Structure formats: structure tokens, C-alpha cells
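Read through the structure below, which is laid out as C-alpha cells, and then see the notes.
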Number of protein chains: 4
Amino acid sequence: MMGDENGIPSLVKNQRLVQERRRQIIQGAFTLFVRKGFHKTTTREIARECGLSIGTMYEYIQSKEDVLYLVCDHIHTELERRLREAVMGISTGKEGLTRAVAEHFRLMGEMSDYVLLIYQETKSLSEEAKKRILDKEKEITAIFEGILQRGIQDGTLTLEPSFVKLMAHNIMVLGQMWTFRRWALGGHYTLEEYTRRQTALLLSECTQGDLGGDYDDERES
Amino acid sequence: MMGDENGIPSLVKNQRLVQERRRQIIQGAFTLFVRKGFHKTTTREIARECGLSIGTMYEYIQSKEDVLYLVCDHIHTELERRLREAVMGISTGKEGLTRAVAEHFRLMGEMSDYVLLIYQETKSLSEEAKKRILDKEKEITAIFEGILQRGIQDGTLTLEPSFVKLMAHNIMVLGQMWTFRRWALGGHYTLEEYTRRQTALLLSECTQGDLGGDYDDERES
Amino acid sequence: MMGDENGIPSLVKNQRLVQERRRQIIQGAFTLFVRKGFHKTTTREIARECGLSIGTMYEYIQSKEDVLYLVCDHIHTELERRLREAVMGISTGKEGLTRAVAEHFRLMGEMSDYVLLIYQETKSLSEEAKKRILDKEKEITAIFEGILQRGIQDGTLTLEPSFVKLMAHNIMVLGQMWTFRRWALGGHYTLEEYTRRQTALLLSECTQGDLGGDYDDERES
Amino acid sequence: MMGDENGIPSLVKNQRLVQERRRQIIQGAFTLFVRKGFHKTTTREIARECGLSIGTMYEYIQSKEDVLYLVCDHIHTELERRLREAVMGISTGKEGLTRAVAEHFRLMGEMSDYVLLIYQETKSLSEEAKKRILDKEKEITAIFEGILQRGIQDGTLTLEPSFVKLMAHNIMVLGQMWTFRRWALGGHYTLEEYTRRQTALLLSECTQGDLGGDYDDERES
DNA sequence: CATGAATGAGTTTTCATTCAT
DNA sequence: AATGAATGAAAACTCATTCAT
């Protein structure tokens, strides 16, 4: 079996074709998974949505679960790519953190469907696939860990080293929280207010004795 | 149709029996939902697990979805009951917040399976049932809102009124986070460390100009 | 086993009670069978409709099919009773025929639900029960045969003896036809017009050379 | 959805295949419906009888009710086709009526199982499907209406125009009567005798003042 | 490579009937 | 006699996957 990109084998050898078809599958499946959830979406529907016959689709995957993995993996890859893009060429750790948090929150606002999907359907993956997805999540979190550490080193951030990891996860979760609690928050705060306030909370922990700073505009409002 | 407790009708009239059997169903179903998820658990498995024949089980529910609702509703009721219990007879708002957060985190540690289930399976409920579940979540969050407001009134807490709701949701989410990020946090922090640190983060926001304080007594207890 | 009225055994010995309860069952079941058909009506629904518990109902019947038989039998008994009533104390055969046909049509108009039920659900009975129902139908038909024969004997009707039976069945069917073709006839004819015209058709065959007579008002209109 | 012949959608696209498989389904289902009735026949039995797997069968229908509709529709189509064939190229209205009635009775004799099925199971169809079936029945009845009208116009038949429709329905019903009263008539008359006698009855109404004629042989026998 | 018809195990749900109380 | 909870066989229908063309 060929076509082992992403660890999912395909019967088709032509790698360019595999890539193109999988792109179609991911796009079609994503739309449906968001609308109806993984279990309530049938393989037939996926095939129809992405413009392939059911037979052809199965040339590029081995099971319905593979589709879920492809979708989840694609989401993470996209998130990581966008986040790295946003924090490239940053000088100090503090500035990097501010920017990265802002970008992360913006991304979460844009990609809330994605995040929801990850939260709700990851458990349907096989142990192996689940591990790969969680590893990706760890890698993304590690971006924030890196920024935090840089800030500690360059003296712009104050944080016990042993809690760097926890803060990185906090950043991740407070970002995702906008998507999975929108049913409660949406009516009371705009994404902007939400971002401003949560960023303040996060930074307050990392800039003790240095109150004010980047977000003082917020304090005044 | 009789037996309308929880809004789920039952064919059986004897209310005591309905309550007892539903307790069985909830318990059996919960075990299985945690282990395999809602969709991968069959009604026959639920019946077997809770010691009822399939026919008998259907005397007490109307559809498989009802079982999910019963389970989710029970979880929330339990969470709310325990949380209210923990914050009864509290004097100042600040003390109440500290205790409530500690209890909430302890509960989340104990009931992580429950929380995970709510996060992953709520979407499988009908719109109506989903609304009822989310309303319960709002009610629980409102407990924290109440405590925060009391603290603002008695002067022991500092917080802009418009962000009381957000802080309450933050408390909820940072508590739940322990359950849905245990795969990443479990290896690095104990629940105790996690609780201490997150409580500090939360309180720092509500006790500005009053750094330190309440949390060393907690260390001693 | 006691209570063998109608050939259906009952567990209950008190004959008066059996009769009363069965009356309830017939009435409740009839309503439901007309509305939803035999197969789509459940025994629970029948019990509820007739004000008995399911357990009690089963003290008076042995199976759901028994209920259908009781209903069908009751319909026929009623039809026969009313028809006999209508032709009692009649002098000549011709007059008897005219009256009986008129009464039969009137009855069919009133009891169309009953007739429809017999047509549609008889096949669901056991062979034995079906035979008993068809025998009743034959007995009712025989009333018309008797009238026709009397008419032949007293010279008021003209009909080959070998076709007496066919004419009796024709009378039965043209009466029932109003019920099972009402979807087509109802919009075009009133029951009165229908009766007048069909009676004319039937009588014309039995009164050759004696045109006119009882129905000449119809010829003129 | 493809394959919308008859208004019943099919998942299979190849129209020739749909037609062939539905032919199989109709044939198999018809046999079973006649033997056991619609409700007592299971979908698995139908599938087995027509040589398809249950899954395959459901590629060509959407529900069990669809099978009933297909069967009923096929019966009517067949009846109509045969009847039209029989009355093609007829000269006078009277001759047409005689031939059409004869053919109709012959058909009813042949297809009595079909007719019985229509009488007993139409009520199990959805309102929409029922309407389509009754419309077909009206169309067939309209064939006789047309013949009667032609006869009135060319002077070979005598009948009040307002009762043309009723007579057409009478013809339909007296034909069908042979099938649903065979349990009573079968022992006493041959189909030939039955046909001769009923035709006489029907024609006597339409040929007043013209006694004798086509059926005088029957008067003598 | 592409297609889509075929498959049948597996799913939820119903309901006539029984029987302990 | 009356009750109604318990039962489980059986029903309709679905859908991931395969494989011949």
C-alpha cells in the first residue's frame, strides 16, 4: 500500500492525486461533521458532498474513522501554521506573548467550528490516532511555552518555571473557551471585549510588579 | 402518559418505581457512556448493564436519547447539589469564593468522567434537551456569580460588575479544564498544585491591591 | 374455562359481568379500529379506550384477534337485528323487498364505518372466526333471499329461482357499495338519489312486465 | 435521489436496473401479500421471496409501505392496460359496452387476488399514495363512462346523463364483486353464468324499450 | 483509477401476552 | 376480579464496506 502521508494508507499511488482527493474529502467531511456530528454523518453523504463516488472515496481512505482523523489533523495543522506565522519575527518575550495571545484568540474566533469538532469527536478516534492528535495539540501549546520561556529569559515576563506549562495550557483553554461557551458568553461580550479581558487576566499573572503595560488602555476604559 | 419527572414520560405509573428504575438506568448507562461513548453504546448493552430487560427499560424511557438526557441531567443536579452544600453558611464573599473554588476544583477532580461526558455528548441531544442542560450549566455558573457579587458588596472582592459573569465562567472552565486536559496536565501537576495555582490566578484578578492573603491559610489547612 | 358466549372463552365466571365488560371492549375497540385499523391499534390503546386495565381486559379475551372477532360479530348481529325489525309484519313479497332494500340502504348509510371494517379486517381473523363471520353474512343475505322467494310465490315478483341467491347478493353489495365507494360517489350523489336509483335498478330486474309501481316518482324526475 | 418512476425514489441510478428490481419486488411481495396480507408479511420475507438481500431491496424502496404502493399501482396499471386493449376498435356504444363488460368480468375472474388486495390494503397507504391509487381507480371507471356516453350519443344506449357515472361504478363493482364474494357465489354459479346474468342486469338499465337484443339467448336459457 | 450496486450484521423500538401481587 | 410491571421475540430500517465491471 502506498500513499502513506499522515499515516493513512491509500490504494492509489499517484501522490499528487492522493493529496488533491484528500483535500476534497477533508473539506466535504468537515462541513458535514460540523453540521451533524461525526456519527450522524454517513459515508455516502461525505462522498456526495465532496463530489466523489463512494467507491472512489474508499480508494483514498480505509475507514470512516480515517476521514475523522484527516479532518482533525488538518485543523491542527492549519491552527499551528497560522499561529507560527503570527509570532514570527517578534523581539521580546512580552511582546511575543501579547501578539500570540491576540492572534490565538482571533483564530479561535474564526475557527470555532474546528475547535468544537476537536472537542467533541476526538474520542471517536482509535487510540493511536487520538494520540497523534493530542501530540499536535501539545506542539501548539509548546509554541506558547516557548514564548513564555523567552520572556522569562529576557526578563520581560515573571513566572515560576514549573508553571510555564500550566500557563501555556491556560492560554490555549481560555482561547478555546470562547468557542465552547459562546452559548453563554456570546450574548454578553463581544469577541473584542472577551479577548481584552482574558488577555489582561493571563498577563497579570506573568507581569507581577509590572502592572499597566501593554493593556493599560483597557484599564482605563 | 405518567411519570413526568425530568420531563421524560414513562409508561409506568408508580412514581417510586420510576425513580428507582431510572436510577438504575442512569448508573448503568453512565458507566457505558464513559467507557465507549453514547453512540457506540447500544440500548441492549444499557439494559443488560442496569439489570433490566430491554422491554422493561423502554417502559421508563421513550428513546435512547432520553437516557443520555437523564444521565446529563443527573450529573448537573449532582454537581449543583454538592457545590451549594459546600458554600452554605459562608460569611464574607472572599471566603465564599475561596471555598467555592476549592470545592469546585475538588468536585471536578472527582467527577471528571461526568464532565467529559457533558462536553462530548451534549450535542447529541435534541435542541430542547440541550437547552435544558445548558440552562443547568448557567444556574451552576450563577452560584459563582452570586458569590462574586456578594464579595463586591461587602468590599472583600474587587471586580468590575460587567465582568462578574465572565469571571464566573472562568472559574467553571478552569475547574473543568483539569478533566479535559488531564492527558497533558496529569503528568506534570497534582490536582493539589493545579488547584492552588489556578485559584491564585483567579483570585489575583479579584483582589487587586491585596496580593497575597487568603491563600497561605489554605496552604496550612 | 367459562364464559363461552360467542365462542370466545373468558376466565371470568360471572356471565353478566362478562357481557358488560365485552360490551365495553367492543365499543372501545370499534372506535379505534375505525380510526386506525386493526393492526395499527395496540391492545394497550384498546384497554385505555374502554376503561379497563390491560390485565383485566385479558380476563375477558384470549388474544387481540378475539377483540376483532367480537367487534365484527357485534356489527353483524346489529345489522341483522335492524334489518329483521324493518321487514317484520310485511304483507306481499314486493312490498317487503322495497322496504327491506330501503332499510338496508339506510342502514348502510348509517353504519358505513362498520361495513368498511368488515371488508378490510376480516382477513385478519383465524380461519374459524372468518368462517363464523361469513356465515353471519350469509344469514343476512338469506333474509333477502327469503323475501324474494316469498315474492315469487305470491306472484308479486318475477325472477328465475336459480338467480334468487345472486339477486340477494346484489342487494347486499349495492348497499355496501355506498360505503366503500363513497370517495367517488359522495361528491356526485346524495344517499337519497343513490338509494332511489339503485333500488330502481334492482327492482327492474324482479318486476319485468310490471314497469312503474312503487318507484314511478323516480322515473318522472 | 434518482429513480423517481412512480414517484418512489430509489438510491440506484441505473433506470433499467431499477425497473427490473422493482418488477422482482412487486412479484415477490404480491405473492406474499395475497397469502398473508400486508401487515403479516415482513420485509425480510419479501426480500427473500424476490431473491434480493434486505439491504439491496432497500436500495430500491424507502419503506415497506412503498412496496404496497408499487404492488397496488402495478395492479391498476395492468387492469387499465388490459381493459383498454379489449375495447379498442369498437363500433357502436352498445357493442363497446357489451364487450367491455365481458372483458372486465373476465379480468376480474383472472385477477381476483389483485382486487382483493386493493380492497383490503389500500387503507394502509399514506394519504398521498391512497389518493394516487383512488385516482387510478377513477380513471378505469372513466373508461366505462366514456363508453356509456358514446352509446348515448350514437343512440344505442338509453341513460340519463346524470347517472352515467353511477352506472360506470356499478359496472366496476359488479365485476369486483365476483372476487370479494366468491366465498358465497363460487359454489352456486360459474363465472360464465355470473357474467351473463350481471351483464343482463346492467344492460337492462341502459336499453329500456329495447328488451331482447344482444343477450336474448340468456333470457331463454 | 473510477464506479455504484450489493451485502447483512447490527440498531432502535414495539407490543401482545403473562403472572405475581 | 383487578392490576400493571415485566418480558423478549420480532419488526423495520441503516450503513460501512466490498468488489465486479
Side-chain angles (χ1 to χ4, degrees), chain A residues 10-14 17-18 21 39-48 52-67, chain B residues 2-3 10-14 17-18 20-21 39-47 52-67, chain C residues 10-14 17-18 21 39-48 52-67, chain D residues 2-3 10-14 17-18 20-21 39-47 52-67:
Chain A
S10 162
L11 289 172
V12 175
K13 294 168 192 173
N14 180 337
L17 198 52
V18 170
R21 291 275 182 266
H39 280 105
K40 288 189 181 166
T41 302
T42 68
T43 51
R44 275 172 136 124
E45 285 173 314
I46 299 170
R48 196 187 318 132
L52 299 174
S53 74
I54 184 71
T56 301
M57 190 172 86
Y58 265 90
E59 301 266 307
Y60 297 93
I61 56 165
Q62 295 215 302
S63 71
K64 190 186 169 190
E65 201 212 278
D66 281 357
V67 179
Chain B
M2 313 259 97
S10 161
L11 288 174
V12 174
K13 294 171 185 176
N14 182 335
L17 201 53
V18 171
E20 164 62 11
R21 291 277 179 268
H39 280 106
K40 288 191 181 163
T41 302
T42 69
T43 52
R44 301 197 105 85
E45 284 172 316
I46 298 171
L52 300 174
S53 73
I54 183 71
T56 300
M57 189 172 86
Y58 267 91
E59 297 268 296
Y60 295 92
I61 56 164
Q62 296 217 302
S63 70
K64 189 185 170 190
E65 201 213 277
D66 281 357
V67 179
Chain C
S10 162
L11 289 172
V12 176
K13 295 168 190 174
N14 180 338
L17 199 53
V18 171
R21 291 274 181 269
H39 281 104
K40 289 190 180 165
T41 302
T42 68
T43 51
R44 276 171 135 123
E45 285 173 315
I46 298 170
R48 195 187 318 132
L52 300 174
S53 73
I54 184 71
T56 302
M57 189 171 86
Y58 265 89
E59 301 266 307
Y60 297 94
I61 56 165
Q62 295 215 303
S63 71
K64 191 186 170 191
E65 201 211 280
D66 281 358
V67 178
Chain D
M2 314 257 96
S10 161
L11 289 174
V12 174
K13 295 171 185 175
N14 181 335
L17 201 52
V18 170
E20 164 61 10
R21 291 278 179 267
H39 281 106
K40 288 192 181 163
T41 302
T42 71
T43 52
R44 300 196 108 87
E45 285 173 316
I46 298 171
L52 301 174
S53 73
I54 184 69
T56 300
M57 188 172 85
Y58 267 91
E59 297 267 296
Y60 296 92
I61 56 165
Q62 297 216 303
S63 70
K64 190 186 169 191
E65 202 212 279
D66 280 357
V67 178

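To find a chain, count down the sequence lines: A is the first, B the second, and so on, and within it residues start at 1. Note that this is a predicted model, so its numbers are computed, not measured.
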Seminar exercise, completed: Whichever of A:His39 and D:Ser63 has the more 5' nearest nucleotide on DNA chain F, that residue is D:Ser63
Exercise. Toward the 5' end of DNA chain E, which comes first, C:Glu65 or A:Met57, by nearest nucleotide?
Worked result: A:Met57
For this session: Scan D:Leu17 against the nucleic acid and name what it touches under 4.0 Å (heavy atoms): base, sugar-phosphate only, or nothing.
Result: sugar-phosphate
Problem set entry | D:Glu20 CD to E:dG4 P, straight-line distance once rounded to whole Å | 20 Å
Exercise. Can you tell me how far P of F:dA16 sits from NZ of B:Lys40, to the nearest Å?
Worked result: 12 Å
For this session: Take the protein atom CG of B:Leu52 and the nucleotide atom P of E:dT13, then report the distance between them rounded to whole Å.
Result: 16 Å
Problem set entry | Minimum-distance nucleotide to C:Asn14 side chain [options: F:dA1, E:dC1, F:dC13] | F:dA1
Exercise. For the pair made of CG in B:Leu11 and P in E:dT14, what is the distance, rounded to whole Å?
Worked result: 9 Å
Quick test: give all pairs of protein nitrogen or oxygen and nucleotides 18-21 of chain E nitrogen or oxygen below 3.5 Å, distance rounded to 0.1 Å.
none

Exercise. Nearest 0.5 Å, what's the OG-CZ distance between B:Ser53 and B:Arg44?
Worked result: 9.5 Å
Exercise. Checking side-chain contact (heavy atoms from CB on, under 4.5 Å) against D:Ile46, which of D:Ile54, D:Leu52, D:Thr41 comes through?
Worked result: D:Thr41
Problem set entry | Spacing of CE belonging to D:Met57 relative to NZ belonging to D:Lys64, to within rounding of 0.5 Å | 9.5 Å
Seminar exercise, completed: With five pairs defining each end axis, the helix from E:dA2-F:dT21 to E:dT21-F:dA2 comes out bent, to 10°, by 0°
Exercise. How close or far is atom C1' of F:dA11 from atom NZ of D:Lys64, stated in whole angstroms?
Worked result: 8 Å
For this session: Name the residue closer to the 5' end of DNA chain E, choosing between B:Thr56 and D:Thr56 according to the nucleotide with the nearest heavy atom.
Result: D:Thr56
Problem set entry | Nearest heavy-atom neighbours spanning D:Lys40 and D:Glu45 | O-OE1, 3.7 Å
Seminar exercise, completed: Checking E:dA6, E:dT12, E:dG10 against the side chain of D:Arg44 (C-beta onward), the nearest is E:dG10
For this session: List the atom of A:Ile61, the atom of A:Val67, and the distance in Å for their closest heavy-atom pair.
Result: CD1-CG2, 3.5 Å
Problem set entry | Interatomic distance where NZ belongs to D:Lys13 and C1' belongs to E:dT3 [whole Å] | 8 Å
Problem set entry | Among E:dT13, E:dT3, E:dG8, the one nearest D:Ser53 by side-chain distance | E:dG8
Problem set entry | Phosphate-side-chain proximity, A:Thr43 and F:dC15, N/O vs OP1/OP2 below 4.0 Å | no
Exercise. Hey, is the side chain of D:Arg21 poking within less than 4.0 Å of OP1 or OP2 on E:dA6, counting only N and O atoms?
Worked result: yes
Exercise. Taking atom P of E:dT13 as reference, at what distance in whole Å does atom CD1 of B:Ile61 sit?
Worked result: 7 Å
Problem set entry | Contact summary for B:Leu11 and B:Tyr58, nearest pair of heavy atoms | CD1-O, 4.5 Å
Exercise. Distance from A:Thr42 atom OG1 to A:Arg48 atom CZ, nearest 0.5 Å?
Worked result: 7.0 Å
For this session: Send over the distance from A:Arg48 CZ to E:dT3 P, rounded to a whole Å.
Result: 15 Å
